[in-house]
Amino acid sequence: MEVLAALNLGDIAQVFSKMGMFPVFDVAYYIVSILYLKYEPGSVEVSRRSPVASWLCAMLYCFGSYILADILLGSSPIDYFQHNSHILLASAVWYLVFYCPLNLFYKCVAFLPVKLVLVALKEVVRTRKIAAGVHHAHHAYHHGLFIMVIVGYVKGSGVALISNFEQLLRGVWRPDTNEILNMSFPTKASLYGAILFTLQESHWLPVAKSTLILIFTLFMATSKVVMTARHSHGSPFALIESWVCHLLFGSPLGGSEEDHHHAPATAPSSPLKTKEELSEGARKRKAKKAE
């Protein structure tokens, strides 16, 4: 405690926790979210063929966590769309990412040094959303610890949890990408963060909320920046999770990671093909007939 007092960590945490997210941090969140949408197979084709579907997908990427949390708490799923400034800002980002002349905006935000800054800013928003979700659930269900965890978890990773529904809007159906079955690092971190903030909200964790927000934000931002810079899809929790799963559930030590890394080399190709693959096959068959 004396070290923390000497560093004035409490004062720094208080100032940090009171920082407004709009517009700088929110813009970064929208840019990174829609940037990841553009990386998805077929998203560029959908933006040319059906701008409305592309816009809806972008809104789900930006506000899917709010929509899912409102559904769980019995509110209207379109409540967040009353915030016109946020919707307009996200729509402007979507338009620039997909339709900017010469793809200039996309090239700028996808430039690695710029992208690393944006990714770090996005994690600031993610932590605030987890904390806000737990706090909101605490007001509605004072003793519902599991409800607090679920709502905080959804607020932090709702976009990934409804990814299958978003895929349907793009005309893609890939149930094997279900986030519950294959949890990514942000989804796992959101769950662990929701547990920590629930313990803090219930006064079981003797840490000030502002301090927890600061520490968790630093962890998330650092982890995501390093992973993005290294183009890594691993998880800092992998080693701990392998030991815990081995002790509690009897799974082989590190078996899931090995299966994850080596399965693509030995597993047969999926019978489900994208529209691009089907159209490519049709073009090859036509060429053979012409010959």
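These figures come from a predicted structure and were not determined experimentally.
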Exercise for review: Please examine the side chains of Met148 and Phe197, heavy atoms only from C-beta on, and report whether any two atoms are closer than 4.5 Å.
Suggested key: no

Exercise for review: Decide yes or no on side chain to side chain contact (heavy atoms under 4.5 Å, CB included) for Leu35 and Tyr106, but give the supporting numbers first.
Suggested key: CA-CA 8 Å; Leu35 196 61; Tyr106 168 78; 3.4 Å; yes

**Study point:** Phe146 atom CZ, over 12 foreign heavy atoms within 6.0 Å
**Key:** no

Point to revise | Salt bridge present between Glu201 and Lys209 (N-O < 4.0 angstrom) | key: yes

Point to revise | For the student: nearest non-hydrogen atoms of Lys155 and Gly133, plus distance | key: CG-CA, 3.7 Å

Point to revise | Modelled atom types, side-chain donor and acceptor of Ser65 and Lys129, under 3.5 Å | key: yes

Check your understanding: Any side-chain donor paired with an acceptor under 3.5 Å for Gln167 and Thr177?
Key -> yes

Check your understanding: Around atom CZ of Phe165, are there more than 12 heavy atoms of other residues, nucleotides or ligands at under 6.0 Å?
Key -> no

Point to revise | Minimum-distance pair of heavy atoms, taken over all atoms of Leu161 and Val154 | key: CD1-CG2, 4.1 Å

Review point. Quick one: are Val44 and Ser47 in side-chain contact, heavy atoms under 4.5 Å?
Key: yes

Check your understanding: Does some side-chain heavy atom of Leu239 sit less than 4.5 Å from a side-chain heavy atom of Ser242?
Key -> yes

Exercise for review: Answer yes or no: is there a side-chain heavy-atom contact under 4.5 Å between Leu37 and Cys57?
Suggested key: yes

Check your understanding: Considering the options Tyr99, Tyr30, Tyr61, which one meets the ring-ring contact (aromatic ring centres under 6.0 Å, His included) requirement together with Trp94?
Key -> Tyr99

**Study point:** Cluster check Phe25, Leu96: I/L/V/M/F/W/Y, side chain < 4.5 angstrom
**Key:** yes

Review point. Val124 versus Tyr29: any side-chain heavy-atom pair under 4.5 Å?
Key: no

Review point. Hey, mind stepping through Val32 and Val109 against side chain to side chain contact (heavy atoms under 4.5 Å, CB included) and telling me if it holds?
Key: CA-CA 8 Å; Val32 176; Val109 297; over 6 Å; no

Check your understanding: For Phe16, is the NZ or CZ atom of Arg128 found under 6.0 angstrom from the centre of its six-membered ring and inside 45 degrees of the ring axis?
Key -> yes

Exercise for review: Output the distance between atom CD (Glu40) and atom CZ (Arg174), rounded to the nearest 0.5 Å.
Suggested key: 7.0 Å

Check your understanding: Between Tyr39 and Tyr36, what is the ring plane arrangement, given parallel below 30°, perpendicular above 60°, and tilted in between?
Key -> tilted

Exercise for review: For residues Gln82 and Asp79, report the shortest heavy-atom separation together with the two atoms involved.
Suggested key: CG-O, 2.9 Å

**Study point:** Cys108 side, atom SG; Asn103 side, atom CG - distance, nearest 0.5 Å
**Key:** 10.0 Å

Point to revise | Glu179 and Thr187 side chains, donor-acceptor separation under 3.5 Å | key: yes

Review point. For Gly152 and Val134, which heavy atoms make the closest approach, and how far apart are they?
Key: CA-CG2, 3.8 Å

Check your understanding: Is the shortest heavy-atom distance from the side chain of Phe22 to the side chain of Leu89 under 4.5 Å?
Key -> yes

Review point. For the side chain of Ser43 and the backbone of Lys38, is there at least one donor-acceptor N/O pair under 3.5 Å apart?
Key: yes

Exercise for review: Could you walk me through whether Ser17 and Leu214 pass the side chain to side chain contact (heavy atoms under 4.5 Å, CB included) test, one step at a time?
Suggested key: CA-CA 7 Å; Ser17 64; Leu214 177 61; over 6 Å; no

**Study point:** 4.5 Å side-chain heavy-atom contact, Lys107 and Cys100
**Key:** no

Exercise for review: Classify the angle between the aromatic ring planes of His139 and His135 as parallel (below 30°), tilted (30 to 60°) or perpendicular (above 60°).
Suggested key: perpendicular

Check your understanding: Would a hydrophobic clustering, with Ile, Leu, Val, Met, Phe, Trp and Tyr connected at side-chain separations under 4.5 Å, put Ile213 with Ile12?
Key -> yes

Check your understanding: Quick one: NZ on Lys188 to CZ on Phe185, what's the gap to the nearest 0.5 Å?
Key -> 10.0 Å

Exercise for review: Please check if atom CZ in Phe105 has more than 12 non-hydrogen atoms from other residues, nucleotides or ligands closer than 6.0 Å.
Suggested key: yes

Study note, to complete from the structure: Rounded to the nearest 0.5 angstrom, the OG-CE distance for Ser33 and Met59 is 10.0 Å

Review point. Side chains of Leu145 and Ser202: does their closest heavy-atom pair fall under 4.5 Å?
Key: yes

Review point. Any link between Trp204 and Leu191 through a network of hydrophobic side chains (Ile, Leu, Val, Met, Phe, Trp, Tyr) touching at under 4.5 Å?
Key: yes

Practice item. Please report the shortest heavy-atom distance between Ser54 and Val46, naming the atom on each side. Key: N-CG1, 4.0 Å

Study note, to complete from the structure: For Gln200 and Leu212, the nearest pair of non-hydrogen atoms, with its separation, is CB-CD2, 3.9 Å

Practice item. Report the residues that fulfil ring pair (Phe, Tyr, Trp, His ring centres under 6.0 Å) with Tyr80, sequence neighbours left out, ordered by chain and then residue number. Key: Phe63, Tyr66, His83, His86

Review point. So does Arg230 have more than 12 non-hydrogen atoms from other groups sitting under 6.0 Å from CZ?
Key: no

Point to revise | Atom CG of Leu104: over 12 foreign heavy atoms under 6.0 Å | key: yes

Review point. Hey, any chance Tyr95 and Trp55 share a hydrophobic cluster, counting ILVMFWY side chains that come within less than 4.5 Å of each other, even indirectly?
Key: yes

Check your understanding: Around Ile78, counting heavy atoms of other residues, nucleotides and ligands shown, do more than 12 lie under 6.0 Å from its CD1?
Key -> no

**Study point:** Glu45/Arg48 ion pair, N-O < 4.0 Å
**Key:** no

Point to revise | CA sep, side-chain torsions, deciding dist, call: Tyr141, Leu73, side chain to side chain contact (heavy atoms under 4.5 Å, CB included) | key: CA-CA 10 Å; Tyr141 303 92; Leu73 292 173; 4.1 Å; yes

Point to revise | From Phe81 atom CZ to Ile87 atom CD1, the distance as rounded to the nearest 0.5 Å | key: 4.5 Å

**Study point:** Verify same cluster id: Val52, Ile34 (apolar side-chain graph, 4.5 Å)
**Key:** yes

Study note, to complete from the structure: CD1 of Ile147 to NE2 of His136, rounded to nearest 0.5 Å, is 12.0 Å

